[in-house]
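All of these numbers come straight from a predicted model, not from anything done at the bench.
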Amino acid sequence: MLDIDFMIEILPRVLKASLVTLEISFLSLFFSVFLGLIFSIIALSSGKLINILIRCFVEFTRGVPQLVQISIIYFALPYIGIYFDEFWTGVVALSFIGAGYTIEIFRNAVLNVDRGQHEAGKILGLTKYQTLIYILYPQIIKRSLPPITNELINVVKASALLSVISVNELTKIMNDVIFEYFVVIEVLLEATIMYLLIISVLVYISRYFEKRLVV
Amino acid sequence: MTNILSINNLNVFYESFHAVQNISLSLNEREIVVICGPSGSGKSTLIRAIAGLEKADSGDIFINNKLMSEKEVFKNNIFGMVFQQFNLFPHLTIIENITLPLIKVKKINKSESIKIAEDVLNKVKIIDQKDKYPSKLSGGQQQRCAIARSLAMNPKIMLFDEPTSALDPEMINEVLDVMSDLASTGMTMIIVTHEMGFAKKIANKIIFMDNGEIVESNTPENFFTNPNKERTKTFLNQVLQH
C-alpha cells in the first residue's frame with residue numbers, strides 16, 4: 001500500500017522543486033525559440049562563413065551528450081572567466097541544447113516554403129532579409145509548432161540532468177527524499193506525475209496557438 | 001521608338017542541359033512580345049532569366065542601353081512579373097499584398113500606399129475583395145490581384161509567365177481582359193502563353209521557341225498565315241487543330 005500520509009508530508013518539497021523545474025524549463029524554452037529565430041534568420045541571410053559557424057554550433061549541441069555540455073558550462077567556462085551559478089548554468093545549457101534543434105526546424109521550414117514565395121518577394125524588390133521577416137517567417141510559425149513542441153519536451157526532460165550540479169529541481173529533490181527516508185515508490189510516483197503535468201501544460205499551450213493561427 | 005530592353009547571346013544551362021541557347025532579343029517601349037512554343041522549349045526559362053530569377057550562364061541584358069546589376073534591377077522594380085501560380089502572400093489580405101512592398105521597398109507611407117493599392121485594384125476590378133485573404137478568392141481574382149500587385153510597383157516592363165495556365169477555363173478571359181486593358185495603356189510586355197487567339201490580337205511580335213532556340217520571330221499576321229519555318233507550321237497545326 002502507498003503511504004498517503006508520507007506523500008502529503010513530502011508534497012510541499014516536491015511542489016517547490018517542480019516550480020524550479022518549471023522556471024528553468026520556461027526560461028530555456030523561451031531562449032531556445034528566441035535563439036532559434038535569430039540564428040536561423042542570420043543563417044538564411046548570410047554568406048558561407050557565418051553559415052559554417054552556425055552549423056558548428058548546431059552540430060556541437062546535437063552531437064555532444066547533454067550531460068557533457070552541462071559540465072562544460074559549469075566546470076570549464078569558469079577557466080575563461082565565464083561563471084554561471086547552478087540555476088543559470090542549467091538555463092544556458094538547456095537553451096543551447098534547445099536552440100540546436102529550433103535553428104534547424106526554422107531553417108528547414110523556410111527552405112520548404114514554396115519557391116514562388118521567395119521569388120515573388122525578390123521580384124517586388126524586397127531584400128532577402130525583408131522577404132524572410134515579412135513573407136516567409138509569418139508563414140512557417142504554425143507548421144513549425146508541432147516539431148518545436150517535440151523538441152521542447154526533450155528540453156524539459158533534460159532538465160533532470162541538472163541534478164548532477166545540485167540544482168534543486170524535481171529529480172534532485174526526488175533523489176534527496178529517497179536517500180533521506182529510504183522510501184522509493186511514493187516519491188517516484190509524485191515526481192512522475194509532476195513531469196507529466198508540466199509537459200501536458202506545454203503541449204496544451206502549443207496546440208492552443210496552433211489552432212489560433214491562420215497560416 | 002526607344003529601345004528599352006536588349007538581350008545579347010543569352011545562355012542558360014541546367015547541369016549539362018542547354019535550356020536557353022544563344023538567344024538575342026530586343027524590345028522597344030510600348031511593344032508587346034508573345035513567346036510561344038511546346039513545353040520544355042525554354043520559354044519559361046528565358047522569361048525567368050530576363051527577370052533575374054534564373055541565373056544566366058552567359059550573355060548580357062541591357063535596360064535602356066545600360067548594363068545593370070541584378071541588385072539594381074530588383075531594387076528599381078525594372079520588371080513586374082506575373083507567375084502561373086499567382087504567388088500571392090497567403091498570410092496577408094489582398095490590399096496588404098499590395099501595400100507591403102510599396103511601404104518596404106518604395107518607402108511610401110501607409111495612407112499613400114493604400115491609395116495606390118485601391119487605384120490598381122480598381123483597374124483590375126477586384127476592389128470589393130480588398131480585405132479578404134487570397135485563399136478566399138477564385139483563381140482568376142487571385143491572378144488579377146497578382147497583376148495589380150506588380151503594377152503598383154510601377155515597373156518598366158511587365159513579364160507574364162503562363163498567366164492563365166493554372167486557371168479554370170471560365171476564368172481565363174477575365175485575366176486576358178485585364179492584360180488587354182494594360183496593353184492599351186502602353187505598357188511594355190513580354191508574355192509567355194498558349195492562348196494563341198489572344199496572342200494574335202495583342203502582340204506586336206510573336207516569337208516561337210523550340211529546344212531552347214528561337215525558331216521564328218514574326219509579326220502576328222505573318223506568323224499565323226505565312227510562317228517562315230516548317231517547324232512553326234507543324235506547331236501551329238498541332239495547337240490550332242480544334
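- The 12-atom threshold is not exceeded at OH of A:Tyr129, counting heavy atoms of other residues, nucleotides or ligands nearer than 6.0 Å.
- Summarising the local packing, CZ of B:Arg30 is surrounded by 12 or fewer heavy atoms from other residues, nucleotides or ligands at distances under 6.0 Å.
- Remark: B:Lys205 NZ is packed, more than 12 non-hydrogen atoms of other residues, nucleotides or ligands lying under 6.0 Å away.
- Across all their heavy atoms, A:Leu124 and B:Pro101 have their closest contact at CD1-CG, 3.9 Å.
- Between B:Met81 and A:Glu119 there is no side-chain heavy-atom pair separated by less than 4.5 Å.
- Comparing B:Gln84, B:Arg48, B:Lys106 by how many heavy-atom pairs each has under 4.5 Å with chain A, the most go to B:Arg48.
- More than 12 non-hydrogen atoms from other residues, nucleotides or ligands lie less than 6.0 angstrom from CZ of B:Phe74.
- Within 6.0 Å of the CZ atom in A:Phe75, the count of heavy atoms belonging to other residues, nucleotides or ligands exceeds 12.
- With a threshold of 4.5 angstrom between heavy atoms, B:Arg149 approaches chain A through its backbone and through its side chain.
- With a 4.5 Å cut-off on non-hydrogen atoms, B:Phe83 touches chain A through its side chain but not through its backbone.
- The distance from the OG1 atom of A:Thr127 to the NZ atom of B:Lys71 is 8.5 Å, given to the nearest 0.5 Å.
- In this structure a side-chain-to-backbone donor-acceptor pair under 3.5 Å is present from B:His91 to A:Tyr134.
- Heavy-atom pairs under 4.5 Å with chain A were tallied for B:Leu92, B:Val73, B:Asn77, B:Ile78; the largest tally goes to B:Asn77.
- To the nearest 0.5 Å, the span separating CD1 on A:Ile135 from CG on B:Leu100 amounts to 5.0 Å.
- Both the backbone and the side chain of A:Gln117 come within contact range of chain B, judged by heavy atoms closer than 4.5 Å.
- Looking at B:Leu159, there are no atoms closer than 4.5 Å to chain A (heavy atoms on both sides), in backbone or side chain.
- Shown here is A:Arg62, whose CZ atom has more than 12 heavy atoms of other residues, nucleotides or ligands within 6.0 Å.
- Heavy-atom minimum distance, A:Ala120 versus B:Phe89: CB-CE2, 3.8 Å.
- Taking CZ of A:Arg115 as the start and CG of B:Leu53 as the end, the distance is 8.5 Å to the nearest 0.5 Å.
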